[in-house]
Student: 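Structure in structure tokens, see below.
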2 protein chains.
Amino acid sequence: MRHDEQVSTPKTTPRTRYHHGDLRNAMTDSAVELARAGGPDAVVLREVARRVGVSATAAYRHFSDAEALLFEVKGHALELLARSIGVAVAAVPPDGDPGDVAVARLRAAANAYIDFAVDNAGLFMTAFCLTKVPGQQFEGVPFTDAAAFQALGGLLDAIVATGRMPAERRPGAEIAAWSVVHGYALLLVGGPLERHLSEQEQARARERTLDLTIRGLIAAD
Amino acid sequence: MRHDEQVSTPKTTPRTRYHHGDLRNAMTDSAVELARAGGPDAVVLREVARRVGVSATAAYRHFSDAEALLFEVKGHALELLARSIGVAVAAVPPDGDPGDVAVARLRAAANAYIDFAVDNAGLFMTAFCLTKVPGQQFEGVPFTDAAAFQALGGLLDAIVATGRMPAERRPGAEIAAWSVVHGYALLLVGGPLERHLSEQEQARARERTLDLTIRGLIAAD
DNA sequence: GGTCATTGTTAACGGTGTCAACATGAGGCA
DNA sequence: TGCCTCATGTTGACACCGTTAACAATGACC
């Protein structure tokens, strides 16, 4: 419906063979690029088909719906997010006090989450933005998040194992941790924080938010 | 684009007078109802006009854009959210230890925020969901949030005043607090939590998340 | 009571998702 | 080898959407 900015190179590769050969993946990739650049609203079935060099209706041989295509994009975005976090966590040097390392890993994961949201705002929005009240059947975020959720749990378990966090405080901690980071990221990406705070203030706010959360997790009471 | 469910009564009030008299407000109200029921995607200019009993193009006498209408709805949704929180905070009995009262107020605000998101998922999504990477000019959440932000600051100041929270931890605390609650609400509304957790687990998770956050805010270190 | 800006209306355009009917061609079976 | 079949892509059409241009009604002000 919105037909403003036609961002860039339509990139119509006018293929030679009648059958594309790998249309589903090609469309998904193209859709991911659109989402990266413009968020979920930019994922337009006809535009995707155009870029891949195929008629719009060809999409229906591989996706039941325009929404199904968007769903695929969400999955990809989540996978990229998870990978990005994994890299950051793995980059934490495992030397020194195990408790420090475990906490540093959690912090690295949190920062990677927020960094991803800032650096790939379009993908992040696409992954998490719900634009309609979901019906009976879930059509929110694909279940990939479950894996990420377990990974986060692992980080927290590690902290408990080093004695830095009371075990009885462990249950539900993933949800609290995820909530903070997710909320901060969303308030930042195109949200109020991005507008009301300078870049420096944002950095400070992020640090303090993470400090506070980690204190809540590991502070003795 | 999506033209599936036509939810309910089009409610076309075929007015008698040529001029509506209060078209702008009527359209805004109707749009808010659509958003409440179906989220931002349900706010369709032509449908709004239909319900108010007016031609689609009449909207352009009062809104520059379909987006402007949506923007108005966002403002209303935020106002309702703020009002809802205000009521909850005011309902906290001011008896007993001032520190307890101040903390209870913060907790009430947090719970009201999440309750609003759950009970008015469509409005909440409409208020906060960004569907496109914003351009130079902000087009995210209207600035009403600034007022809510200050109110939250007031709650935190009160806690500091009672000595329950170290003053040096005060700066940036709004952001941390808001982040948790906002993130939890968004993970809940149509998000992963709603699907992976039973209702009882959700209640427990919420309690623990708030506990953790408040501990982070007020725990001595 | 006449003038005119405000607020409506109709007609039309391009864009979008989607369906039905048709075209192509790659792979298996004779 | 040749044919048949079915997955894959195409064209054409429809309904809906946002938006603009040109026109009509009305109410307020002199």
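Side chains included, hydrogens not; waters and symmetry mates left out as well; all remaining heavy atoms used. We name chains A, B, ... by the order of the sequence lines, and we start the count at 1 in each one.
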Student: Looking only at heavy atoms, what is the nearest atom pair of A:A31 and A:V43, with distance?
Tutor: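 Smallest heavy-atom distance, with atoms named: O-CG2, 3.8 Å.
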Student: Nearest whole angstrom, please: distance from the C1' of C:dG17 to the CG of A:D41.
Tutor: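 A:D41 atom CG is separated from C:dG17 atom C1' by 14 Å.
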Student: How close or far is atom C1' of D:dA7 from atom OH of A:Y60, stated in whole angstroms?
Tutor: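 Roughly 19 Å, once rounded to whole Å.
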Student: Under the 3.5 Å rule, do the base of C:dG17 and the side chain of A:R46 count as making a donor-acceptor pair?
Tutor: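 By the distance-only test, yes, there is a pair.
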Student: Using whole Å, report how far CZ of B:R61 lies from P of D:dA21.
Tutor: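 Interatomic distance, CZ of B:R61 to P of D:dA21: 11 Å.
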Student: Looking at A:R204, I'd like to know if its CZ atom is crowded, meaning that more than 12 non-hydrogen atoms belonging to other residues, nucleotides or ligands lie closer than 6.0 Å.
Tutor: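 No, not enclosed.
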Student: In whole Å, what is the span from the NE2 atom of A:H62 to the P atom of D:dC6?
Tutor: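 Checked: the NE2 to P distance equals 18 Å.
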Student: Please assess B:D119 against B:R36 for the test salt bridge (charged side-chain N to carboxylate O under 4.0 Å, His left out), listing each intermediate value before the final yes or no.
Tutor: CA-CA 10 Å; B:D119 296 339; B:R36 184 195 305 281; over 6 Å; no
Student: May I ask you to say whether A:R51 pairs ionically with A:D29, meaning some side-chain N is under 4.0 Å from a carboxylate O?
Tutor: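 Salt bridge absent between A:R51 and A:D29.
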Student: So, OP1 or OP2 of C:dT6: does either fall under 4.0 Å of a side-chain N or O from B:R24?
Tutor: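 It does not, given that no N or O in the side chain of B:R24 lies less than 4.0 Å from OP1 or OP2 of C:dT6.
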Student: Any donor-acceptor pair under 3.5 Å between the side chain of A:T57 and the base of D:dT11?
Tutor: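 Yes, a donor-acceptor pair under 3.5 Å.
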Student: How many Å lie between CG on B:L69 and C1' on D:dT19, as a whole number?
Tutor: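 After rounding, the gap between these two atoms is 14 Å.
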Student: Could you check how far CZ of A:R50 sits from C1' of D:dT10, rounded to whole Å?
Tutor: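 One finds 16 Å between C1' of D:dT10 and CZ of A:R50, rounded.
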Student: Tell me the interatomic distance from B:N25, atom CG, to C:dT7, atom P, rounded to whole angstroms.
Tutor: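 Atom-to-atom, B:N25 to C:dT7, this comes out as 13 Å.
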Student: Starting from P on C:dG14, measure out to CD on A:E47 and report it in whole angstrom.
Tutor: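 Nearest whole value for this atom pair: 18 Å.
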